[in-house]
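We count ligands from 1, going down the list as the structure has it; atoms in each ligand are counted the same way. The first residue of the sequence shown is numbered 1, and numbering continues consecutively from there.
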Amino acid sequence: MIESYLLKNISGYIDGQWVDADSGRTVEVLNPANGKTLAEIPYMAADETARAIAAAKAALPSMPDVATRREWLEDTRDALIAEKEEIGRILCLEHGKPWKEAQGEVEYAASFFDYFAKSMEDGLAPEELADKVKDCTWTVYKRAIGVAGLITPWNFPIGMIAKKIAPAIAAGCPVVIKPATETPLTMIAMFQIMHDRLDLPKGVINLVMGSSKEIGGELMSSPDVPMISFTGSTGVGQLLIEQSRQHVKKLGLELGGNAPFIVLDDADLDSAADNLIANKFRGCGQTCVCANRIFVHSNVYKEFTDKVVEKVKALKVGDGMDEDVDIGPLVNAAGFDKVHDHVKDALSKGATLVAGKHPDELDSDKNLFYPPTVITDVTHDMLCCQEETFGPLIPMIAFDTDEQAVQQGNDTEFGLASYVFGKDAKRAHKIIAQLHFGHCGYNTATGPAAHAPFGGMLHSGIGREGGHDGLLEYVELQTVPDGS
Ligand code: NAP
C-alpha cells in the first residue's frame, strides 16, 4: 500500500469534507510496474455526484473576486512546485512513467496555474467595442458559466486537470471533478494540498470517483452543470455529445489523436530522430500528442530509420522509480494488448521488425513492460496507421512527394497533433497549412504549453485548452448595448 503525507485521506471530497462512497464500496488502484495494490478508493455513483453538484451550485453566488481567485491559483502553483517530488512519486507509482518525467508533469501542471493567475485579470476584462451603433455603446462582459464538470484521463494524472481547474477557478466557476479510475491518487494529493493551503469556501472544488457511467450520467443530466470539459477517448466524447443534448450543455472535448510525423529529405535527421524519441516514448507512448505514423521521404528513409533504431536500442525499460529508466510499463493489460495486436497485425501484413521483440515472445499476463519497437515497410491498411496505438511502437512509412505526405498524413478522421521536419521553411509551411491538425510542430515535436491554445480538429475534439481561448471556455459572453 502507498504511504504518503499527501494521502492522509484516500477519499472523495464534497462540500469541503473528505467522504467515502455511500455504499461503502471501494476499488483498487494498482502499480502497473508490479501489479501490487497501492490503495483502495471509494467507488462513488450518482447520489454522491448529485451532492457534489449541489455543493458547487451553492458556492457559485459567493465566489470571491478576481484578486482572491488569483491568490488561490498562485498558492496552488507554489505548493505544486514545493511538493513536486512527492506528487511525482505518487504519479509514478500509479501511472508508471519515470519519476523524473512525473516531476516534469507536476511542473507542467504548475505552469497552467501560473499562466492563468497572470492573465486572468486582462482575460476577463469587459471589452467596450469601438463603434457606437444605434446610439449605444456596446460592451462585452465575460460571465462565469457556472458549475463546471471536469472529467480527466489517466495518461497525465495532474497535467490534464491543471488545464481545466486553473481556468475554471480563474473564471469564477466551482468544479466537480472525476479523475480516471487508474490514477486518482495524484488528484487526491492535489486536493489535499488545496484543502490544507487555500482558504477555499465549501463547495468550490469537489472530487468524485468510481462509476464513470453513473458519475458521467449525473453530470450530463443535471441542469445545474452548464459546462463539461472532458479529456479522453473519442468514443466517450461522442457519448457526451449525445448526452449534452437535453440541457444544451457547452462542451470542451480533448479527444484521441493519430499524429503524423513527417520527415522531409532536407531535414536535420539527427534532430528529427532525437525529437521523435523524446515525443514517442514520453509516458511509454501513451500521450495524445505522440507521433503515431512516421512518414519519411524515400531519399532519407534508410538513413533516418538507422538513426532511430540505434537510439531505440539504447533506451532502458523498467520500473519508473528506478534510476535511469527511460520507459515505464503500459498502464494496464488492455493497453499492452493493443500495442501487441498492432505489431502482430503489421507483421502479418508485411511489415518488418527492426527493433524490439517479436510479439510471440511477449505476454501481458507476465508484466506490462512493452519493449520499444520499430517496424518498417508499413502500409496504410495496417491497424497501427488506422488507430492510435498508445504505446511504444514506431511505424515507418516511405513517401516520395510532398503531396503524398500531405495526403497520407491527412488520411485519418483525427486532427490533434502533427509534426513536420525540414530545413526549407517555405516548403514545410506549405505542408503545415494543408494538414488538418490543431497542433503542428515545425522542427520540434514538443507538445502543448500553458500560454498557447491547444486542441483538436475533426474527431479530436471541440474547443481549446491553454492560452486566452482556454479561459474563454469557462465564460459566457454577455453583450450590453447601453443607450443611456
Ligand atoms: P476514456 O476511457 O475515454 O476515459 C477518460 C475519462 O472518462 C476517465 O475518467 C473515465 O473514467 C471517464 N469515462 C469513461 N466512460 C465514461 C462515461 N460513460 N461518462 C463519463 N465519463 C466516462 O479515455 P482514457 O483511455 O482514459 O484516455 C485515453 C484517451 O484520451 C486517448 O484516446 C487519448 O488520445 C485521449 N487524450 C486526449 C488528450 C487531448 O488533449 N486531446 C489528452 C490526453 C488523452 P474511468 O477511468 O473510471 O473509466
Side-chain angles (χ1 to χ4, degrees), residues 12 27-30 41-46 49 94-95 105 108 112 149-164 176-187 207-222 225 228-244 249 251-259 282-292 330-332 334-335 338 387-391 412-417 437-439 447-449 452-466 470 473:
V27 61
E28 287 183 326
V29 180
L30 304 177
I41 59 158
Y43 191 79
M44 296 173 154
T49 310
E94 67 175 350
H95 176 284
E105 184 184 330
Y108 177 67
F112 283 86
L150 313 179
I151 305 175
T152 55
W154 47 262
N155 65 346
F156 288 96
I158 195 162
M160 291 299 146
I161 190 58
K163 297 175 168 203
K164 300 183 192 300
V176 177
I177 298 174
K178 147 98 184 68
T181 302
E182 268 94 352
T183 59
L185 301 176
T186 310
M187 188 89 81
L207 178 63
V208 285
M209 57 195 86
S211 165
S212 54
K213 205 170 151 204
E214 288 212 26
I215 295 170
E218 189 65 28
L219 286 170
M220 296 311 291
S221 63
S222 170
V225 183
I228 297 284
S229 177
F230 167 82
T231 301
S233 59
T234 295
V236 174
Q238 286 167 328
L239 176 72
L240 299 182
I241 291 171
E242 283 163 25
Q243 293 177 334
S244 67
K249 286 183 198 272
L251 292 179
L253 300 176
E254 297 289 336
L255 308 177
N258 184 355
R282 188 174 302 129
C284 193
Q286 303 170 111
T287 86
C288 56
V289 296
C290 276
N292 200 56
L330 286 155
V331 77
N332 55 29
K338 188 174 190 192
E387 298 172 4
E388 189 180 30
T389 302
F390 238 49
T412 169
E413 69 269 29
F414 294 103
L416 193 59
F437 293 82
H439 177 95
F454 174 82
M457 299 182 186
L458 306 174
H459 288 210
S460 289
I462 301 172
R464 294 292 180 263
E465 289 190 323
E473 298 279 322

Inset, instruction - Just jot down the ring-ring contact (aromatic ring centres under 6.0 Å, His included) partners of Y43, sequence neighbours excluded, or say none. - result: none
Inset, instruction - Would you check if K338 and E387 make a side-chain contact, meaning some heavy-atom pair closer than 4.5 Å? - result: yes
Inset, instruction - Flag the pair E465 / P448 as yes when at least one side-chain heavy-atom distance between them is below 4.5 Å, and no otherwise. - result: no
Legend entry - side-chain contact (heavy atoms from CB on, under 4.5 Å), paired with F230, selected from T152, L239, L255: L255
Inset, instruction - State, without any angle test, whether T49 and E214 hold a side-chain donor-acceptor pair at a distance under 3.5 Å. - result: no
Inset, instruction - Collect the protein residues that have a non-hydrogen atom under 4.0 Å from ligand 1 and hand them over in chain and number order. - result: I151, T152, P153, W154, N155, M160, K178, P179, A180, T181, G210, S212, G216, F230, T231, G232, S233, V236, L239, E254, L255, G256, G257, C288, E388, F390, L416, F454
Legend entry - Polar contact flag, side-chain donor to acceptor under 3.5 angstrom, K164-T231: yes
